[in-house]
Enquirer: 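Let me give you the structure first, and then I'll get to my questions.
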Amino acid sequence: MKFAKTLALGAALAVAMMAGTASAKDIKIGLVVKSLGNGFFDAANKGAQEAAKELGGVEVIYTGPTSTTAEGQIEVINSLIAQGVDAIAVSANDPDALVPALKKATQRGIKVISWDSGVAPEGRILQLNPSSNELIGKMCLTLVKDHLDGGKGDFAILSATTTSTNQNIWIDQMKKQLKDFAGLNLVTTVYGDDLSDKSYREAEGLLKSNPNVKVIVAPTTVGVLAASKVVEDKGLVGKVYVTGLGLPSEMAGAIKSGATKEFAIWNPIDLGYSATQIAYRLVKGETDGKPGSEIAAGRMGKIKVGDNGEAAMADPFVYNASNIDQFSKVF
């Protein structure tokens, strides 16, 4: 009997040790977003969790600060380092401020990539852009033009934070390409810090200060929704239009009210999925992520890293009254 008890105890300990080992072998990927409570990043997390389930043995830790600050992200990154994650994939609030913390992560053997909003090259292995920056800039201007009678008139930009990497690149692209859009006049750029209430106030303020503005373009999902609500609340539907980058689930009402005719976005689910796939391949040693390399990304096929250490996922897709009901049920 004593032998049987000892044998049973030994078997139980062996099972426990095996379970602990399996758990210990799980690859942990920290998915760091600009801020929690943002529909775009919640959708990206769905894709990340999908990739984790598909790959097996992967735990995605979805995390970020409560407000869009570099300081908040640095705290989150330090916490992930302390947890011993294998990879960090971050959408940065500031391209430079995060570099020291991410370098520390790299020194601990953690694979670091940025996605959506990039980190300076010295802080990461590669940057996954949701699309080509040039195409995004051109798309935003095309959307503005399509909302103006005769394709001519005044417009304004409502962005996220003044340090937001991707927003600033896209705005710069818009300014560079304005010469190709005769008749468009950029009046001002304001910043809502990717906060709904501040974005609302900034949109409201710019319309009061610039009554000739006929279109607000917001290359941020928070901003485009907030500006649309201003147009609806102030009875400006048909007089002022809002467009930019938005989520179908959030912008369906603006399409139906007439506050916007169309907007664009890539699929954030695919973006989170791709970022997780890339982080996993780096941890497994299947790629080094260097320029010229092609990285397997599951159902997204292979993603090629360009000479600048950046990769692009897909072109922006336009949503309007013809397809909004279909896609608003997805994300």
Side-chain angles (χ1 to χ4, degrees), residues 34-35 37-41 67-69 91 93-94 116-117 130 133 136-148 153-178 181 184-248 250-251 253-255 257-265 268 316 318-319:
K34 290 182 177 180
S35 64
N38 183 314
F40 178 88
F41 293 118
S67 60
T68 50
T69 65
S91 176
N93 284 324
D94 187 295
D116 177 50
S117 184
N133 292 319
I136 294 170
K138 183 178 181 180
M139 175 61 72
C140 286
L141 290 178
T142 300
L143 290 169
V144 171
K145 183 177 180 179
D146 290 348
H147 279 77
L148 289 167
D154 292 348
F155 75 100
I157 296 172
L158 169 62
S159 188
T161 65
T162 57
T163 59
S164 182
T165 315
N166 53 352
Q167 307 287 317
N168 288 337
I169 292 173
W170 299 335
I171 291 170
D172 185 55
Q173 282 296 324
M174 280 188 260
K175 291 178 178 178
K176 287 181 179 179
Q177 296 183 52
L178 263 177
F181 288 81
L184 294 190
N185 178 43
L186 175 59
V187 174
T188 187
T189 301
V190 297
Y191 301 88
D193 291 349
D194 256 359
L195 301 172
S196 297
D197 54 350
K198 185 175 182 183
S199 296
Y200 186 100
R201 292 195 303 270
E202 291 293 340
E204 184 179 30
L206 80 82
L207 289 177
K208 285 182 179 179
S209 302
N210 303 277
N212 291 328
V213 166
K214 300 303 180 185
V215 177
I216 296 175
V217 57
T220 156
T221 58
V222 175
V224 73
L225 179 60
S228 297
K229 288 183 177 178
V230 170
V231 169
E232 293 173 15
D233 292 349
K234 301 301 177 183
L236 296 174
V237 172
K239 299 176 182 178
V240 177
Y241 292 100
V242 177
T243 189
L245 306 179
L247 296 176
E250 295 180 344
M251 291 298 290
I255 289 285
S257 75
T260 185
K261 297 176 183 177
E262 56 186 10
F263 62 95
I265 198 71
V318 175
Y319 303 85

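Please read these numbers as outputs of a predicted model, since none were measured by experiment. Along the sequence shown, the residues carry numbers beginning at 1.
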Enquirer: Step by step, would you call L206 with V187 a side-chain contact (heavy atoms from CB on, under 4.5 Å)?
Expert: CA-CA 10 Å; L206 80 82; V187 174; over 6 Å; no
Enquirer: Can you measure from CG (L143) to CG (L148) and round to the nearest 0.5 angstrom?
Expert: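 The CG atom of L148 is 11.0 Å from CG of L143, to the nearest 0.5 Å.
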Enquirer: Considering all heavy atoms of both residues, which atom of V217 and which atom of C140 are nearest to each other, and what is their separation?
Expert: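 Nearest pair, atom of V217 first, then C140: CG2-CB, 4.0 Å.
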Enquirer: Which heavy atom of M174 sits nearest to which heavy atom of G137, and what is that distance?
Expert: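 Heavy atoms of M174 and G137 come nearest at CG-O, 3.6 Å.
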Enquirer: Kindly determine whether N210 and D154 satisfy side-chain contact (heavy atoms from CB on, under 4.5 Å), including the steps that lead there.
Expert: CA-CA 9 Å; N210 303 277; D154 292 348; over 6 Å; no
Enquirer: Atom OG in S199, atom CD in E204: separation rounded to 0.5 Å?
Expert: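 It comes to 12.5 Å.
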Enquirer: Side chains of L247 and F40: closer than 4.5 Å at any heavy-atom pair?
Expert: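 The answer is yes, as the side chains (C-beta and beyond) meet within the 4.5 Å cut-off.
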Enquirer: Test your reading of the model: is there a side-chain donor-acceptor pair from N168 to the backbone of T162, 3.5 Å cut-off?
Expert: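 At least one qualifying donor-acceptor pair exists.
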Enquirer: Is there side-chain contact between L186 and F155, with heavy atoms separated by less than 4.5 Å?
Expert: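 Counting from C-beta outward, L186 and F155 do come under 4.5 Å.
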Enquirer: Is a side-chain donor or acceptor of S257 paired with a backbone partner of A254 at a separation under 3.5 angstrom?
Expert: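 Yes.
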Enquirer: Does any N or O in the side chain of T243 come within less than 3.5 Å of the main-chain N or O of E262, such that one atom is a donor and the other an acceptor?
Expert: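 Flag set: sc T243 to bb E262 pair under 3.5 Å.
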Enquirer: If the condition is salt bridge (Lys or Arg N to Asp or Glu O under 4.0 Å), which residues does K176 pass it with, not counting sequence neighbours?
Expert: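 If we apply the salt bridge (Lys or Arg N to Asp or Glu O under 4.0 Å) test to K176, skipping adjacent residues, the hits are D172.
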Enquirer: Any side-chain to backbone donor/acceptor pair from T189 onto I157? Under 3.5 Å, distance only.
Expert: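 Side chain of T189 to backbone of I157, a donor-acceptor pair under 3.5 Å: no, none is there.
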Enquirer: Which atoms form the tightest heavy-atom contact between W170 and N133, and what is the distance?
Expert: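 Residues W170 and N133, closest heavy atoms: NE1-OD1, 3.0 Å.
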Enquirer: Please test I136 against Q173 for side-chain contact (heavy atoms from CB on, under 4.5 Å), starting from the C-alpha separation and ending with a verdict.
Expert: CA-CA 8 Å; I136 294 170; Q173 282 296 324; over 6 Å; no
Enquirer: Verify the neighbour count for atom NZ of K214: are there more than 12 heavy atoms of other residues, nucleotides or ligands below 6.0 Å?
Expert: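 More than 12 heavy atoms, drawn from other residues, nucleotides or ligands, come within 6.0 Å of this atom.
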Enquirer: Please say which of L245, T221, T260 ends up in a side-chain contact (heavy atoms from CB on, under 4.5 Å) with M251.
Expert: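 When L245, T221, T260 are each tested with M251, the side-chain contact (heavy atoms from CB on, under 4.5 Å) holds only for T260.
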Enquirer: Please confirm whether the backbone N or O of L195 pairs with a side-chain atom of D193, one donor and one acceptor, at under 3.5 Å?
Expert: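 Not at all, since once roles are kept as given, no pair shorter than 3.5 Å links the two residues.
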Enquirer: What pair of heavy atoms forms the shortest contact from V242 to H147, and how long is it?
Expert: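 Scanning both residues, the minimum pair turns out to be O-NE2, 4.0 Å.
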Enquirer: Check whether Y200 forms a cation-pi arrangement with K229 (NZ or CZ under 6.0 Å from the six-membered ring centre, at most 45° off the ring normal).
Expert: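 Relative to the ring axis of Y200, which defines the angle, K229 lies outside at least one limit.
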Enquirer: Got a sec, which residues hit side-chain hydrogen bond (donor to acceptor under 3.5 Å, both in side chains) with K239, two or more places apart in sequence or on another chain?
Expert: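 K239: no side-chain hydrogen bond (donor to acceptor under 3.5 Å, both in side chains) contacts found.
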Enquirer: Taking side chain as C-beta onward, heavy atoms only, is Y191 less than 4.5 Å from K198?
Expert: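 Of all side-chain heavy-atom pairs linking K198 with Y191, none is under 4.5 Å.
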Enquirer: Taking salt bridge (Lys or Arg N to Asp or Glu O under 4.0 Å) as the test, write out the residues that go with E250, two or more places apart.
Expert: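 Once residues adjacent in sequence are excluded, E250 has no partner under the salt bridge (Lys or Arg N to Asp or Glu O under 4.0 Å) criterion.
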Enquirer: Work out which heavy atom in T220 is nearest to a heavy atom in S159; give both atom names and the distance.
Expert: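 Between these two residues, the closest heavy atoms are CG2-C, 3.9 Å.
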Enquirer: To the closest 0.5 Å, what do you measure between CD1 (I255) and CZ (F263)?
Expert: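 So the CD1 of I255 and the CZ of F263 are separated by 5.5 Å.
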Enquirer: Please name the pair of heavy atoms, one in L158 and one in G223, separated by the smallest distance, quoted to 0.1 Å.
Expert: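 Minimum heavy-atom contact is CD2-O, 3.4 Å.
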Enquirer: Heavy-atom distance under 4.5 Å between the side chains of S91 and S117, does that happen here?
Expert: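 They are in contact (side-chain heavy atoms under 4.5 Å apart), so the answer is yes.
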Enquirer: Show the numbers, then the answer: is there a side-chain contact (heavy atoms from CB on, under 4.5 Å) between N93 and D194?
Expert: CA-CA 10 Å; N93 284 324; D194 256 359; over 6 Å; no
Enquirer: Counting only N and O atoms by type, is there a donor-acceptor contact under 3.5 Å from the side chain of Q167 to the main-chain atoms of T161?
Expert: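 No; judged by distance alone, with no hydrogens or angles, the pair does not exist.
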Enquirer: Side chains of S164 and K34 only: does a donor on one sit below 3.5 Å from an acceptor on the other?
Expert: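 Side chains of S164 and K34: pair found under 3.5 Å.
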